[in-house]
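To keep things clear, I will list the structure first and then write my remarks on it.
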Amino acid sequence: MKKEHVFEVVRSLVAILLAMLLGFIVTYLVSKQPGEAFQSFLTGPFTSPRRFGNLIEAAIPLTFTGLAVSMAFQAAQFNIGAEGQFFFGATAATIVGITVPAPGWLHPILALAVGGVAGAFVGWIPGVLKARWGASELVSSLMLNYVFFRVGMYLINYHYRDTTAGAMVSLPLKETSWLTQFLPPTRIHYGIFVAILAVIFTYLFLYRSRWGYALRMTGLNLPFANYSGINTTSVITYSQVISGVVAGIGGAVEMLGIYHRFQWLALPGYGFDGIIVAILARNNPLGIPLAALFLAYLRTGADIMARTTDVSAEMITVIQAVMILLVTAQAFLAGWKHRIVVKEAKQSV
Amino acid sequence: MSEMLQAIFSTSFAYSVLRVTTPLLFAALGGLVSDLAGVINIGLEGMMLAGAFAGVVVSAFTHSAFLGLVAAVASGVLMALILGYFSLKLKTDIILAGIALNLFASGGTVFLLYLVAHDKGVSTSLASKVLPQVTIPILDKIPVLGPIFSGHNVLVYVAMIAAVVVWYYLYRTPAGLRLRAVGENPNAADSVGISVHRVQFTALIISGILSGFGGAHLSMGYVSWFARDMTAGRGFIGLAAEALGGRTPVGTVLASVFFGIADALSNYLQSLSIPSEFIQAVPYALTVIALAVYARQQTRKRARLAKLSQNPEKKAA
């Protein structure tokens, strides 16, 4: 490994440590029991099978949106729309789960496929607008989050709502559509294998296929890719579409695996979390599950800390924010990097 | 249907449009200033949220609505400084920094709310102040106009004034010219001795001030408490309004009012049991369409220019 790569890893670690340190200082200032709070935050997720299960469950949707966002990032495109794609994929899967009669093996596959198509559609719009006319995918994908949030809420509220339930929820999904939770007492479900497949697929697509190569070249240098004969217009479109497929399947998996009936009243935020995951993994598909697990670990730990001590779980969002800022700050520790590069160059002379 | 029309063509509807437009207008103007300086401010949402929170807490502890407002604006500026420091000095991608800022504000306000009010949802246990409502003399006696334009929270009028000030600043002052020059072409601006960083920092700070006002309107005018994530996407709507308005002050104001109408309308429709989801989705969908149409025109214009420069004799003909 080159020293520069080592530096990148070290810099990310320093950033993470600094963010955690900040969290601890804040905890120390506000808590009457900072020691216990630290402890339950750091070790909480490993204290019972159920808690460890929570960690794995939380990592599954993060893996999907992380993959989705990193796919777009690799093509140097933004995808802030993973949020809406995830949400609409979940909506579509819910409808399939409620209405379509199908045998147990086919039903989940069908629901996942429809969820993926729904996500693809949401991703296609900003993709094609950017590719054809250069319309900012940032603004359009952000707006589409709200459009498809409303469309999804309308579908559930007016067509598939369970009027007998006290809260605003959809009818329950048919049991044939569920992804089995196979490790009681945890809620870990077959969706974990779908997530693993998605990681492998994304890796093979990006690094072992022509389309993936074209995508990465477009991301590295668009004019150059264009001159060398890559159809960058179609690359931009399909990068967003595939990104949407992955996010949409993620939403479907969450519905079929955990909830079993639609109950979101707001956008659940997994799309924005996916951005954090992609950043931490440096857009490498193989790193995504690790980053997702790490983020899930922080979340689960914070939840346990909030339940057992007097520190609220929101501290973790502050830590996450600082992490994004520092990990992506190119000038953070840049002086150090500069010295490393100079030293290496001198040695090679 | 007639019920609906009756509701829409009433003075109370127009009044509520002004009321709901105000925070959107603040956010949109903030987005406009920073966008024209070439720094897209995704963090408007977080800046507003921080402002809304600081306003409530400070007014509760000082028993002064005015100090609350000052704190709201100051915290908007503080958020802008954080955004500027990371994006301009430490070279964090401005979009990612903005997203981080929103996360920071969303979590940070709830965390602090729990500390000061022992509640994670709303601040109703704090005796916070509201900013005064203003009755405009003479105007309030005029039928139709009076009930629409008079008796609003003071920040509604501040927003209207802010729109004019922003226009004046951007198009009638040297500083505004420099700001637009930096946004148009930072290298060219740099080459004539304009400090790009300083201008962009200033733009972000102005953006923070406006967001602070917007946040204060939410928690100290619109309602009299702070609730978690109470901005509810208004910062993003502000960005949309600014995009829909073609990055001009007048367009931004019109687009903000349009979003305000849709927002007010969806409140009315809910009471008439018409699916409000569609009305609420329309402004966002329209923004996407407007964006696409605008981008398409630009592409065609570029293509035409490219053609002209290839065979200039056609230009003469």
Side-chain angles (χ1 to χ4, degrees), chain A residues 26 29-30 78 80 125-126 128-130 132-136 138-155 157-158 266-267 269 272-273 275-276 279 302 306 310-334, chain B residues 40 42 46 82-83 85-87 89-93 95-97 99-115 120 228-229 232-233 236-237 239-240 242-244 275-288 291-300 302:
Chain A
V26 173
L29 292 177
V30 302
F78 258 106
I80 296 198
I125 300 173
V128 77
L129 292 182
K130 171 71 181 274
R132 277 260 184 102
W133 300 317
S136 158
L138 181 77
V139 179
S140 60
S141 67
L142 189 61
M143 293 306 121
L144 288 176
N145 284 345
Y146 292 99
V147 173
F148 284 96
F149 168 61
R150 308 289 184 205
V151 173
M153 289 308 279
Y154 165 75
L155 288 172
N157 269 338
Y158 284 84
L267 289 170
F272 285 105
D273 294 341
I275 295 173
I276 308 178
I279 291 170
D310 60 349
V311 182
S312 58
E314 279 71 22
M315 188 192 72
I316 201 63
T317 41
V318 177
I319 295 184
Q320 284 171 13
V322 177
M323 238 180 251
I324 301 184
L325 288 174
L326 288 177
V327 171
T328 55
Q330 285 174 20
F332 176 57
L333 301 182
Chain B
I40 291 189
I42 295 277
I82 296 175
L83 183 61
Y85 178 75
F86 275 98
S87 61
K89 291 267 189 261
L90 286 184
K91 305 261 175 269
T92 302
D93 183 289
I95 310 290
L96 298 177
I99 291 171
L101 201 69
N102 291 338
L103 263 178
F104 181 74
S106 168
T109 51
V110 176
F111 186 78
L112 293 174
L113 181 68
Y114 184 66
L115 284 183
K120 281 191 174 184
R228 74 182 294 163
D229 294 322
F236 293 132
I237 301 177
L239 279 183
E242 176 241 344
L244 185 62
S276 62
E277 282 88 353
F278 282 113
I279 305 293
Q280 286 172 329
V282 163
Y284 300 106
L286 265 179
T287 307
V288 176
L291 190 77
V293 170
Y294 178 75
R296 183 159 175 249
Q297 274 174 351
Q298 294 293 312
T299 318
R300 290 204 165 168
R302 267 199 305 276

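Just so it is clear: chains get the letters A, B, ... in the order the sequence lines come, proteins before strands, and each one is counted from 1.
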Cut-off 4.5 Å, heavy atoms of chain B, and the answer for A:Tyr154 is both
One should read off an interatomic distance between B:Leu291 CG and A:Lys130 NZ, to the nearest 0.5 angstrom, of 11.0 Å
(message) Applying side-chain contact (heavy atoms from CB on, under 4.5 Å) to B:Leu239 and A:Val139, what does each step give before you reach the verdict?
(response) CA-CA 8 Å; B:Leu239 279 183; A:Val139 179; over 6 Å; no
The single option from A:Phe149, A:Tyr146, A:Phe148 that satisfies ring-ring contact (aromatic ring centres under 6.0 Å, His included) with B:Tyr284 is A:Tyr146
Per-residue tally against chain B (heavy atom, under 4.5 Å) across A:Leu129, A:Val30, A:Leu267 peaks at A:Val30
Bottom line for A:Ile279: the part with an atom under 4.5 Å from chain B's heavy atoms is side chain
Residues B:Phe236 and A:Met143: closest non-hydrogen pair is O-CE, 3.6 Å
Bottom line for A:Leu325: the part with an atom under 4.5 Å from chain B's heavy atoms is both
So, the part of A:Ile80 with a heavy atom under 4.5 Å from chain B: the answer is side chain
Over 12 foreign heavy atoms within 6.0 Å of OH, B:Tyr114
no
Sorted by chain and residue number, the ring pair (Phe, Tyr, Trp, His ring centres under 6.0 Å) partners of A:Phe78 (sequence neighbours excluded) come out as A:Phe73
Okay, B:Ile40 and chain A: the region with an atom under 4.5 Å from a heavy atom over there is side chain
Bottom line for B:Phe86: the part with an atom under 4.5 Å from chain A's heavy atoms is side chain
When every non-hydrogen atom of B:Ala295 is compared with those of A:Gly134, the smallest separation belongs to CB-C, 4.2 Å
So, the part of A:Leu138 with a heavy atom under 4.5 Å from chain B: the answer is side chain
When every non-hydrogen atom of A:Thr317 is compared with those of B:Gly107, the smallest separation belongs to OG1-CA, 2.9 Å
Applying a strict 4.5 Å limit to non-hydrogen atoms, the region of B:Ala285 in contact with chain A is both
Okay, B:Leu115 and chain A: the region with an atom under 4.5 Å from a heavy atom over there is side chain
**Message:** Any side-chain to backbone donor/acceptor pair from A:Thr328 onto B:Asp93? Under 3.5 Å, distance only.
**Reply:** no
Heavy-atom closest pair (B:Thr299 atom, A:Trp133 atom, distance to 0.1 Å) is OG1-O, 3.1 Å
Bottom line for A:Asn157: the part with an atom under 4.5 Å from chain B's heavy atoms is side chain
Residues A:Ile324 and B:Ala100: closest non-hydrogen pair is CB-CB, 3.9 Å
Looking only at heavy atoms, the pair that brings A:Ala321 and B:Leu103 closest together is CB-CB, 4.2 Å
If one checks every heavy atom of B:Ile42 against chain A at 4.5 Å, the contacting part turns out to be side chain
Worksheet item: Just wondering, more than 12 heavy atoms not from B:Phe104 lying within 6.0 Å of its CZ?
Response: no
Bottom line for A:Val327: the part with an atom under 4.5 Å from chain B's heavy atoms is neither
